[in-house]
Amino acid sequence: MNSPVNEEVQALMEAAHDRAAQELGLTCTGPLAWGFLGVTLGRRAGDRWLRVSRTAKRNAGRKRGEGIVGASELMPDGVPRPRLYEVHDWTDGEWAFEAEVLDYVTQPIVSPDRADIDHDPGLPDEWWADLRQALALLAEVEGVKTTVRDGWIERAFPQFLGIPAPDTVERVTGHGDLHWGNLTAAPLCLLDWERWGLVPFGYDAGLLHANSLLVPDVAARIRREFAPTLDTPAGRIGELAALAEMLQAVARGWYPALAPRVVARAETLTGVRPPVPVRSEVST
């Protein structure tokens, strides 16, 4: 979805990807697929996909039950996702690298170049039913990681929504990054399982809805499909958490076209005009 930040990052990640392919005995072909700010890099290897990510060396080591490996171990087959075949991790200098060999997904990503959409992708009724079922099954999984932390909510609700943080937050296991760049067209497949874990009830549907606000028909479809979630007090808090996260991104310069719609949706839910976004480094 993104290009690397600079030539140094590009060279670092391409070398890491080449190293992983060699260690795993894979021959990669086709275009490079860059993740957010060049943190991940993927490429096709026959009927497999080799994805390499980097983090600071001090963060090396996969945590049990989290990320792609945790999803592979704990997720039921009814949640459509790429199958994980192999991993290879190493450190080099200041960086720790993680490589995964996954299924190569043949169906197109709904929005391969951005998280939000500016047109109706025309998804069939069966796709929406499959998404509802996938999230319902996911909610029953025992999540380990808390993806949207209470401490962040306590700071972000006043800062980005202009309202007090809720006294309690109901949580379920969710994808944690449910936007149009992580969903395929029919047949449905959910991609990028780095953030999955315990999220506020309604957060996944709320985040997808926020990323649909430039297309009112799609946003309305999400509200209908997930009304049993979003039209509840707990679901409203989850949607507000998603909107607060989006407004934090707006404050950092993202989503310039979408920003007015996100502000308007937040005001509709709370009756309070969100503060004018300012640049922030508050971390979720």
Side-chain angles (χ1 to χ4, degrees), residues 1-57 59-60 62 66-73 75 77 79-119 121-123 127 130 134 175-196 211:
M1 289 178 61
N2 304 273
S3 60
V5 176
N6 54 44
E7 292 182 359
E8 182 180 358
V9 170
Q10 181 175 346
L12 173 72
M13 290 300 294
E14 289 184 7
H17 198 279
D18 289 343
R19 173 175 174 170
Q22 183 175 2
E23 292 288 341
L24 293 165
L26 298 174
T27 300
C28 296
T29 59
L32 302 174
W34 291 97
F36 181 70
L37 297 180
V39 172
T40 67
L41 177 59
R43 199 178 185 193
R44 184 177 182 177
D47 61 353
R48 302 285 189 265
W49 182 260
L50 175 59
R51 180 183 186 271
V52 176
S53 60
R54 63 179 166 88
T55 187
K57 187 177 181 179
N59 298 325
R62 299 178 189 264
E66 296 184 11
I68 293 174
V69 173
S72 178
E73 294 171 343
M75 209 69 61
D77 291 340
V79 180
R81 65 195 187 282
R83 182 182 307 174
L84 175 67
Y85 293 94
E86 195 171 359
V87 299
H88 175 64
D89 302 339
W90 74 98
T91 59
D92 187 2
E94 62 181 306
W95 298 108
F97 297 92
E98 295 180 349
E100 298 99 19
V101 182
L102 304 154
D103 279 328
Y104 174 70
V105 176
T106 58
Q107 61 267 41
I109 296 172
V110 175
S111 181
D113 300 318
R114 54 195 283 184
D116 62 332
I117 53 172
D118 60 4
H119 66 280
L123 298 164
W127 186 95
D130 289 345
H175 181 271
D177 201 16
L178 196 72
H179 60 67
W180 295 106
N182 284 335
L183 295 169
T184 69
L188 170 68
C189 186
L190 280 68
L191 310 175
D192 194 352
W193 287 87
E194 288 305 312
R195 291 193 76 201
W196 83 278
N211 278 285

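Remember, it's a predicted structure, so these values are computed and weren't measured experimentally. Residue numbers count from 1 along this sequence.
Counting heavy-atom neighbours within 6.0 Å of N59 CG, excluding the residue itself, gives a total above 12.
Within the model, atoms CD of E94 and OG1 of T55 stand 11.0 Å from one another, a figure rounded to the nearest 0.5 Å. Remark: R81 CZ to M75 CE distance equals 6.0 Å, nearest 0.5 Å. Atom CG of L37 sits about 10.5 Å away from atom CG of N6, to the nearest 0.5 Å. With values rounded to the nearest 0.5 angstrom, L102 atom CG is found 5.5 Å from I68 atom CD1. Once rounded to the nearest 0.5 Å, the distance linking CG of D18 with CE of M13 reads 11.0 Å. Between atom CG of residue L12 and atom CZ of residue R54 there is a gap of 6.0 Å, rounded to the nearest 0.5 Å.
Residues meeting the side chain to side chain donor-acceptor pair (under 3.5 Å) test with D130, sequence neighbours left out: none.
Legend: salt bridge (charged side-chain N to carboxylate O under 4.0 Å, His left out) pairs involving residues 181-193, not counting sequence neighbours, sorted by first then second residue: R51-D192.
Looking at R44 and W49, their side chains come closer than 4.5 Å, going by heavy atoms from C-beta outward. Between D177 and E194, every side-chain heavy-atom pair lies at or beyond the 4.5 Å cut-off. For the pair R43 and L50, the minimum side-chain heavy-atom distance is 4.5 Å or more. Proximity of L178 to L190: side-chain heavy atoms (C-beta onward) are separated by under 4.5 Å at one or more points.
Checked by atom type and distance alone, the side chain of H175 pairs as donor or acceptor with a backbone atom of L191 at under 3.5 Å. For the pair R114 (side chain) and G181 (backbone), a donor-acceptor distance under 3.5 Å is absent. Formation of a donor-acceptor pair under 3.5 Å by the Q107 side chain with backbone atoms of P187 is found in this model. With W90 contributing its side chain and E98 its backbone, the two residues share no donor-acceptor pair below 3.5 Å. In this structure, the side chain of T184 engages the main chain of C189 through a donor-acceptor pair within 3.5 Å.
Between N211 and W180 the shortest heavy-atom distance is O-CD1, 3.6 Å. Between D89 and A99, the shortest heavy-atom contact is OD1-N, 3.6 Å. Annotation for W193 and V79: closest pair CH2-CG1, 3.7 Å, computed over non-hydrogen atoms. Closest approach of A96 and A60 over heavy atoms only: CB-CB, 3.6 Å. Taking each heavy atom of V110 and A185 in turn, the nearest pair found is CG2-N, 3.7 Å. Across all non-hydrogen atoms, the minimal contact from S111 to I117 is CB-CG2, 4.0 Å.
A side-chain hydrogen bond (donor to acceptor under 3.5 Å, both in side chains) with Q10 is found for exactly one of E14, E7, E8, namely E14.
Both the sub-6.0 Å distance and the 45° axial angle are not jointly satisfied by R19 relative to the ring of F97.
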